[in-house]
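To keep things clear, I will list the structure first and then write my remarks on it.
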There are 2 protein chains.
Amino acid sequence: MSLRNAVMAVLLDGEASGYDLAKAFDASVANFWMCTPQQLYRELDRMEADDLIRARTVEQERRPNKRLFSLTPRGLEALAEFTAEPHKPTAIRDELMVAVMAADAGDVEKVKASLRERRQWAEAKIGRYERIKAKLLDGRTEEEFLTTAERVGPYLTLLRGLSFERDNVRWCARCLTVLERRGARLDASP
Amino acid sequence: MSLRNAVMAVLLDGEASGYDLAKAFDASVANFWMCTPQQLYRELDRMEADDLIRARTVEQERRPNKRLFSLTPRGLEALAEFTAEPHKPTAIRDELMVAVMAADAGDVEKVKASLRERRQWAEAKIGRYERIKAKLLDGRTEEEFLTTAERVGPYLTLLRGLSFERDNVRWCARCLTVLERRGARLDASP
DNA sequence: CCCAAATACTCAACTTGTTGACTAGGTCGC
DNA sequence: GCGACCTAGTCAACAAGTTGAGTATTTGGG
């Protein structure tokens, strides 16, 4: 029921196709709202039925037609109402953390491998976010940007994504150190 | 399908009732795996059917009977296998971040109120985590704990929860400052 | 020249997660 | 001594999310 708000928040930047939205979600919304393309398409149909978005079919010569969605006045209103409501606490699901919690009774080497992989992923994500950030700032300093830009929302959420991933990197490194040292100790003592 | 792994990770600490598990989830597992009591009870029945856990009914004099669950050898094995598998990327859902992204087109004052509330929540959580941490360390330094304790998994995940919430507090504060300044500017200039 | 990847989706089946109400006794504070 | 909250769950109905496959065309790399 709440995916729609995330979709509308992206549509504030203007028309987009389902496919565009899927990419936008992948690129930057994924920090705080994950979804599969299937969910998106299904939700878009419902939102159109509820008059929150309107679709404009664009016939393309050498490609399948696409539908470009944009916010209706009702949609904009619904989004504004959503921002005013109280929000549910963050819901997280992280299998790696479950594995770390159970690492003492599991395959420590494999958990370490997963931690290394996660760290790499997080580093790659930081790179992408930095690029998006540079694009948003567009040469301005943060100070300039924050006072002159029309929208600051996407920038603020991007900052959260960045610090989340930086924290991830640090945590993975910490876990690896601890598990490494323990491995050494357990090999030596018993 | 993966809630069961989180349940088994908690059961490594020993027998627990469905209710105990619900509390444990609320207190510390909630950082990386959220679930409702209903989900838990349903999953516990299935896990018992799959011989991953065993239930021992304890008759209580002045209370309804309770069932205490513990890991079976199969459950322990399944958990170890899980730790060795590759893990899905983190799935997050955070309505507040959606609201912040859409704040420019929404009710900025209400979003600020939500940010303040979230910050308070995060601060309260930090307090609880610090208390759990102190209990785990039990007077030892971190160094001592990490080399002497039987399990380090719960400690490591606790650290992640702590830094996540500290980051939350910082981010909320940052958003509030930015939205405050913008409010001032928008009131003054047009 | 062929294969892979990108564009732009759709469908069906299945598994999970959410909501709200209900049972039932006990204890704690005002 | 009454109402609220705690223990310890259960049930049903519904909403949401996941998985896997399928369609059809075009662009780009080796």
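All chains are named by letter (A, B, ...) in the order of the sequence lines, taking the proteins before the strands, and each is independently numbered beginning at 1.
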### Spacing between Leu40(B) atom CG and dA8(D) atom C1', to the nearest angstrom
12 Å
### Query
What's the shortest heavy-atom distance between Val10(A) and Met101(B), and which atoms?
CG2-CE, 4.3 Å
### Task
Answer with yes or no whether Arg93(A) presents, from its side chain, a donor or acceptor under 3.5 Å of a partner atom in the base of dG17(C).
no
### Task
Indicate the ring-plane relationship of Phe164(A) and Phe164(B), choosing parallel, tilted or perpendicular according to the 30° and 60° boundaries.
perpendicular
### Query
Roughly, in whole Å, what's the span from CG in Asp26(A) to P in dT7(C)?
12 Å
### Arg4(A) side chain vs Glu43(A) backbone, donor-acceptor pair below 3.5 Å
no
### Query
Which comes earlier along DNA chain D counting from the 5' end, the contact point of Arg42(B) or that of Arg46(A), where each point is its nearest nucleotide?
Arg42(B)
### Query
Between the side chain of Arg182(A) and the main-chain N/O of Leu146(B), is any donor-acceptor distance below 3.5 Å?
yes
### Message
What's the closest nucleotide to the side chain of Lys66(A) if the choices are dC9(C), dT19(C), dT18(D)?
### Response
dC9(C)
### Summary
Of Pro37(B) and Trp33(A), the one whose closest nucleotide on DNA chain D sits nearer the 5' end is Pro37(B)
### Message
What's Arg67(B) touching, base or sugar-phosphate or nothing? Going by heavy atoms closer than 4.0 Å.
### Response
sugar-phosphate
### Rounded distance in Å - CD (Gln39(B)) to C1' (dA13(D))
16 Å
### Message
Tell me whether Arg166(B) at atom CZ has more than 12 heavy atoms from other residues, nucleotides or ligands lying less than 6.0 Å away.
### Response
yes
### Task
Verify the neighbour count for atom CD of Glu117(A): are there more than 12 heavy atoms of other residues, nucleotides or ligands below 6.0 Å?
no
#### Entry: Rounded distance in Å - NZ (Lys88(A)) to C1' (dA16(D))
10 Å
### Query
Quick one: Asn5(B) CG to dT15(C) P, roughly how many Å, whole number?
17 Å
### Message
Rounded to whole Å, please give me the gap between CE in Met34(B) and C1' in dA16(D).
### Response
16 Å
### Task
Please report, rounded to the nearest Å, how far the P atom of dT15(C) is from the CG atom of Asp50(B).
13 Å
### Task
Could you check which of dA8(C), dT19(D), dT18(C) has an atom nearest any side-chain atom of Gln38(A)?
dT19(D)
### Message
Below 4.0 angstrom, which residues in residues 7-25 of chain A have at least one non-hydrogen atom near DNA chain D?
### Response
none
### Task
Starting from P on dG9(D), measure out to CD on Glu43(B) and report it in whole angstrom.
16 Å
### Task
Report the nucleotide, chosen from dT10(C), dT18(D), dG17(C), that has the shortest atom-to-atom distance to any side-chain atom of Tyr41(A).
dT10(C)
### Message
Whether the side chain of Asp104(A) engages the backbone of Gly153(B) through a donor-acceptor N/O pair (distance < 3.5 Å, no angle test) should be reported.
### Response
yes
